[in-house]
Amino acid sequence: MWIGVPKEIKNHEYRVGLPPAGVRELCEHGHKVLVEKNAGAGIGLSDEAYVQAGAEIADTAEAIWQRCDLVVKVKEPQAQEYQSLRPGQILFTYLHLAPDAAQTEGLLASGATAIAYETIVDRQGGLPLLAPMSEVAGRMSIQAAAHCLEKAQGGSGVLLGGVPGVEAANVTVIGGGVVGLNAARMALGLGANVTILDRNLGRLKYIDEVFDGRIKTLYSTVDTIEKQLEIADAVIGAVLIPGAAAPKLVQRAHLAKMKAGSVLVDVAIDQGGCFETSKATTHQAPTYVVDEVIHYCVANMPGAVARTSTFALTNATLPYVVALANKGLRALTDVPGFLPGLNVHAGQLTCEPVASAQNKPYTPAEDAIK
Ligand SMILES: NC(=O)c1ccc[n+]([C@@H]2O[C@H](COP(=O)([O-])OP(=O)(O)OC[C@H]3O[C@@H](n4cnc5c(N)ncnc54)[C@H](O)[C@@H]3O)[C@@H](O)[C@H]2O)c1
């Protein structure tokens, strides 16, 4: 099979769908890989490295869309990309179709097969191709908080870890899932006093055991959140209710009780944010201030560390890419949890939540590929 890797065209997107090691793996399985010129240049992956791994370099994206059976990307296809798709071709990438009617229409009209990273599940019901980006965002959230706390950034001037004889900062993490645990681990490593709030008692027990009590755990209620806000130097918003908008756990009125120059990092901003005063920001202008509290609400945090994010993502996607290349669409039924990834096939919408969000007819994935 011919597998194509176009250069990402979304603004400030430097990640790439396959690194050279992934190309080599596919070539070892007898496949051919076509990589667009400079696809990995922004993160130090040269065309030479891809050629050494066995790839052919294409001068244009059109060559990839025309020649390849399977196209592997990172971000959802932009208009010029989904207009290049054709019947029988497979696209494997993040899609996030629910709020994006134009892209959904484009994919349906193309007749192609579109498989979304974000709806593939693992045996435990987790989301294995979302988790790597949550790990990155969780770890980054503490770097962001530490930076925002500096005086020059408008922060209170507190060092997360303190120094001997001086109090460390208090970091509160709301939501102890993948983002929350990674945030807490980083904050703990820097010497902060860390508290995680969650509603899942099993998860709190797990965190307590794994960290041997060094991370304080609290059941998440209005009351525990309010008390934490009063003492926190940094609060990380990391909640998720799958399929729903994030609950607003911190109201504007709460900000008055917080320390001046403290920081709210709303990682859940991609689900609408879990603080009432959150609005999405970019890496170019990541923060703003409300009632003397700094807000960091970047919706695409992993994009800032595109090299690490590329390897984290492709470590997780590669087994699925290899399965698709080896077996074609049969991989969807052979690999456990792969089928829920199918969002669009031959003009049919096969992801139920997307169909209901957009009021469109839904065809079960297993019927569509029969
Ligand atoms: N901004 C970014 O760049 C970026 C990157 C990756 C992930 N995210 C987002 O971060 C959020 C968290 O992702 P995740 O992978 O950690 O999800 P997850 O499912 O692993 O964890 C979410 C946790 O929130 C907890 N929770 C739910 N309601 C709660 C409440 N009221 N109080 C306290 N805890 C509550 C759940 O029990 C769960 O443990 C998601 O919205 C995700 O989309 C954002």
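Indexing begins at 1, ligand by ligand and atom by atom, following the structure's order.
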message: For a 4.5 angstrom cut-off between non-hydrogen side-chain atoms, does Trp65 reach Leu91?
response: yes
- prompt: Nearest protein heavy atom to atom 12 (C) of ligand 1, by residue and atom, and its distance?
  reply: Ala238 O, 3.6 Å
- prompt: Going by the order shown, which atoms of ligand 1 are within less than 4.0 Å of some heavy atom of Leu249?
  reply: 30 (C), 31 (N), 32 (N)
message: Nearest 0.5 angstrom please: Thr282 OG1 to Asn11 CG, how far?
response: 9.0 Å
query: Is the count of non-hydrogen atoms from other residues, nucleotides or ligands lying under 6.0 Å from Lys227 atom NZ greater than 12?
result: no
message: Which option wins on minimum heavy-atom distance to atom 21 (O) of ligand 1: Ala183, Gly273, Gly177?
response: Gly177
query: Does Ala246 have a heavy atom less than 4.0 Å from any atom of ligand 1?
result: no
- prompt: Heavy-atom contacts under 4.0 Å between Met301 and ligand 1: side chain, backbone, both, or neither?
  reply: both
field: Heavy-atom neighbours of Arg86 CZ exceed 12 at 6.0 Å
entry: yes
- request: Check each atom of ligand 1 against the heavy atoms of Pro302 and keep those under 4.0 Å away; list them by number with element.
  value: 3 (O)
message: Please determine whether a side-chain nitrogen of the Lys or Arg among Lys37 and Asp47 lies less than 4.0 Å from a carboxylate oxygen of the Asp or Glu.
response: no
- request: Could you tell me how the ring of His29 sits relative to the ring of His31: parallel (under 30°), tilted (30 to 60°) or perpendicular (over 60°)?
  value: parallel
- prompt: Among protein heavy atoms, which sits nearest to atom 28 (N) of ligand 1, and what does the distance come to when rounded to 0.1 Å?
  reply: Ile241 CG1, 4.0 Å
query: When you look at Thr287 and Gln153, which way does the side-chain hydrogen bond (donor to acceptor under 3.5 Å, both in side chains) test go after all the steps?
result: CA-CA 9 Å; Thr287 59; Gln153 309 307 319; over 6 Å; no
- request: Among all protein heavy atoms, pick the one closest to atom 27 (C) of ligand 1 and tell me residue, atom and distance.
  value: Leu240 O, 3.6 Å
message: Check this for me: does any side-chain nitrogen of one of Glu105 and Lys360 sit under 4.0 Å from a carboxylate oxygen of the other?
response: yes
field: Closest protein heavy atom to atom 44 (C) of ligand 1, given as residue, atom name and distance to 0.1 Å
entry: Val267 O, 3.0 Å
- request: Check for a donor-acceptor pair, side chain of Gln78 on one end and backbone N or O of Glu76 on the other, with a separation under 3.5 Å.
  value: yes
message: Taking 4.0 Å as the limit for heavy-atom contacts, which would you say applies to Leu127 with ligand 1: side chain only, backbone only, both, or neither?
response: neither
message: Using 0.5 Å steps for rounding, measure from the CE atom of Met301 to the OG1 atom of Thr281.
response: 9.0 Å
message: For atom 20 (O) of ligand 1, what is the closest protein heavy atom, and at what distance to 0.1 Å?
response: Val178 N, 3.0 Å
task: Please test Ile225 against Val235 for side-chain contact (heavy atoms from CB on, under 4.5 Å), starting from the C-alpha separation and ending with a verdict.
output: CA-CA 10 Å; Ile225 290 175; Val235 179; over 6 Å; no
- prompt: Where does Val298 meet ligand 1, judged by heavy-atom distances below 4.0 Å: at the side chain, the backbone, both, or neither?
  reply: backbone
- prompt: For atom 11 (C) of ligand 1, which protein heavy atom lies nearest, and how many Å away is it?
  reply: Val239 O, 3.6 Å
- prompt: Taking distance alone, with no angle check, do Ile174 and ligand 1 share an N/O pair under 3.5 Å?
  reply: no
query: Going by the order shown, which atoms of ligand 1 are within less than 4.0 Å of some heavy atom of Ala268?
result: 41 (O)
task: May I ask you to check whether Pro247 has an N/O atom sitting below 3.5 Å from an N/O atom of ligand 1?
output: no
- line: ligand 1 to Ala137, heavy atom cutoff 4.0 Å, flagged ligand atoms 4 (C), 5 (C), 6 (C)
message: For atom 38 (C) of ligand 1, which of the options Val136, Asn200, Asp198 provides the nearest non-hydrogen atom?
response: Asp198
- prompt: Which residue and non-hydrogen atom of the protein lie closest to atom 41 (O) of ligand 1, and at what distance in Å?
  reply: Gln271 CG, 3.1 Å
query: Quick one: do Arg67 and Glu56 make a salt bridge, cutoff under 4.0 Å?
result: yes
task: Indicate, as side chain, backbone, both or neither, the part of Leu197 found under 4.0 angstrom from ligand 1 when only non-hydrogen atoms are considered.
output: backbone
query: Relative to the heavy atoms of Asn300, which atoms of ligand 1 are at a distance of less than 4.0 Å?
result: 3 (O)
- prompt: Of all the atoms in ligand 1, which lie at a distance below 4.0 Å from a heavy atom belonging to Ser220?
  reply: 30 (C), 32 (N), 33 (C)
query: Relative to each other, are the rings of Tyr320 and Phe92 parallel, tilted or perpendicular (30° and 60° limits)?
result: tilted
message: Can you confirm, on distance only, whether ligand 1 has an N/O atom lying under 3.5 Å from any N/O atom belonging to Ala299?
response: yes
message: For atom 16 (O) of ligand 1, what's the nearest protein heavy-atom neighbour? Residue, atom name and distance, please.
response: Val179 N, 2.7 Å
message: Heavy-atom distances under 4.0 Å decide this one: backbone, side chain, both or neither, for Asp270 against ligand 1?
response: side chain
message: Looking only at distances, can you tell me whether any N or O atom of Ser134, backbone or side chain, sits closer than 3.5 Å to an N or O atom of ligand 1?
response: yes
query: What do the steps show when you test Lys370 against Asp367 for salt bridge (Lys or Arg N to Asp or Glu O under 4.0 Å), and what is the final call?
result: CA-CA 5 Å; Lys370 245 181 206 153; Asp367 296 346; 3.5 Å; yes
message: Can a side-chain donor-acceptor contact be found between Thr314 and Thr317 if the only test is distance below 3.5 angstrom?
response: no
